[in-house]
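All remarks here apply to the structure that follows.
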Protein chains: 2
Amino acid sequence: MSYASFASMPCTLSRPAALLGERWTLLLLRQIFLGTRRFEDFQTTMEISRSVLTDRLNVLLQEGVLKRVPYQDDGRTRYEYRLTQKGKDLYPVLMALRTWGEKWMAPEEEESFHLHHRDCGGGVRAKVECTDCGAELTARDVQVTARS
Amino acid sequence: MSYASFASMPCTLSRPAALLGERWTLLLLRQIFLGTRRFEDFQTTMEISRSVLTDRLNVLLQEGVLKRVPYQDDGRTRYEYRLTQKGKDLYPVLMALRTWGEKWMAPEEEESFHLHHRDCGGGVRAKVECTDCGAELTARDVQVTARS
DNA sequence: TAGCTGAGTTCGAAAAACGAACGCAAGGGA
DNA sequence: TCCCTTGCGTTCGTTTTTCGAACTCAGCTA
């Protein structure tokens, strides 16, 4: 009656934080954004236990972050896991993590992959901005107002 | 020998994802960004068990996300938990979660707090952009290249 | 001296995660 | 036909985490 309550709180930050804050979920999303789609591939590349993998995939399905899409395997129909639009919209969350990781967790030039803008070849980074004036914002630029 | 290995992988996404992907950690950071600083306050407002709270705070201390800062309480010196610069730089991660939550998890106008730019009063949102041309990017605009 | 408070620590019970084995449906080869 | 393989789970006994109530401890305060 405590962790679960954050998942149903009327707060647009606590609900996503509770969902993605379950063990393995962020790492699973990373793997999905890197292109993994099938149960067996998640299991072998991540070394996650099969029962937990089943559970996490089901939660993401229920939440509408993933969907099951049929594919052909030697003539048989099987299903793979793909991002819905809701899932794809999590991209900024992953990129924010990576932007932070690049700044604070990269002892040297170690990255297992590079990201760049297809059109111009530039780098990729997450930022927070004002929807009105477009300024880049940090925590101190933002006023928090409790709601009645 | 599996979840922990992501925390030491040479990947600037998996390391932050493993760190913040532990249960309670994202919710704890949310609470910190909302202004909570003291053990007792975390414990009562979040209803987290005291032993897990101790553990999570210690991990964030070790990682340099939080620091202990002395304060006076009835003449005695106590310590509270505050964000370091590394911790403050997690703001975009939280804002990306919230931006997503606003779009996909808000049935009606329910938010427990409002955020706005101090200077102009505008809204706040996270986005991903190209460091060269400044274009806003989605997953499909970004090329992933494995490193040798 | 006794009580209170903030900040943990301890410990037995409950829940979650682990991992190896099992199930199962469909295709392929002998 | 029978058996093997594959992909995708499910089961189940063991280990790890989490829970939560009680305990500790230091330093005020009455």
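Nothing here was measured: the structure is a model prediction, and the numbers come from that model. Below, chain A is the first sequence line, B the second, and so on; all start at residue 1.
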Sugar-phosphate atoms are those with a prime plus P, OP1 and OP2; base atoms are the rest. Using that split, label each nucleotide of nucleotides 23-30 of chain C B, S or - for protein heavy atoms under 4.0 Å, 5' to 3'.
-> --BBS---
Tell me, please, whether B:Tyr79 has B:Arg68 positioned over its six-membered ring: NZ or CZ under 6.0 Å from the ring centre and within 45 degrees of its axis?
-> yes
Roughly, in whole Å, what's the span from CD1 in A:Ile48 to P in C:dA17?
-> 9 Å
Quickly work out the B:Tyr81 OH to C:dA7 P distance and round it to whole Å.
-> 8 Å
Any donor-acceptor pair under 3.5 Å between the side chain of B:Arg50 and the base of C:dA7?
-> yes
Are the side chains of A:Glu63 and B:Trp104 in touch, meaning some heavy atoms are under 4.5 Å apart?
-> no
Could you tell me whether A:Phe42 contacts a base, only the sugar-phosphate backbone, or nothing, with contacts defined as non-hydrogen atoms closer than 4.0 Å?
-> nothing
Gap between atoms CD and P, on B:Gln43 and D:dT18 respectively (whole Å) = 15 Å
Can you check the B:Leu57 CG to D:dT18 P distance for me, whole Å?
-> 14 Å
Whole-Å distance, A:Glu47 CD to C:dA17 C1', equals 15 Å
One should read off an interatomic distance between A:Arg38 CZ and A:Glu80 CD, to the nearest 0.5 angstrom, of 5.0 Å
Specify the separation, in whole Å, of atom CZ of A:Arg37 and atom C1' of D:dG7.
-> 17 Å
Nearest listed nucleotide, side chain of A:Arg23, among C:dA17, C:dC11, D:dT11 | C:dA17
Check whether any side-chain heavy atom of A:His117 lies under 4.5 Å from a side-chain heavy atom of B:Leu137, and answer yes or no.
-> yes
B:Leu53 atom CG is separated from C:dT9 atom P, nearest whole Å, by 11 Å
Side chains of B:Asn58 and B:Gln62: do they bring a donor and an acceptor to under 3.5 Å?
-> no
Indicate, with a heavy-atom threshold strictly under 4.0 Å, whether B:Tyr71 touches base, sugar-phosphate, or nothing.
-> sugar-phosphate
Starting at atom CZ of A:Arg56, determine the distance to atom P of D:dT10, rounded to an integer number of angstrom.
-> 14 Å
5' priority, DNA chain D, between B:Trp24 and A:Arg38 [closest heavy atom] | A:Arg38
If you measure from the Lys or Arg side-chain nitrogens to the Asp or Glu carboxylate oxygens, is any gap between B:Asp141 and A:Arg118 under 4.0 Å?
-> no
Donor-acceptor pair between B:Ser5 and A:Glu47 side chains, under 3.5 angstrom | no
Give the nucleotide from the list D:dG20, D:dG9, C:dG8 with an atom nearest to the side chain of B:Ser49.
-> D:dG20
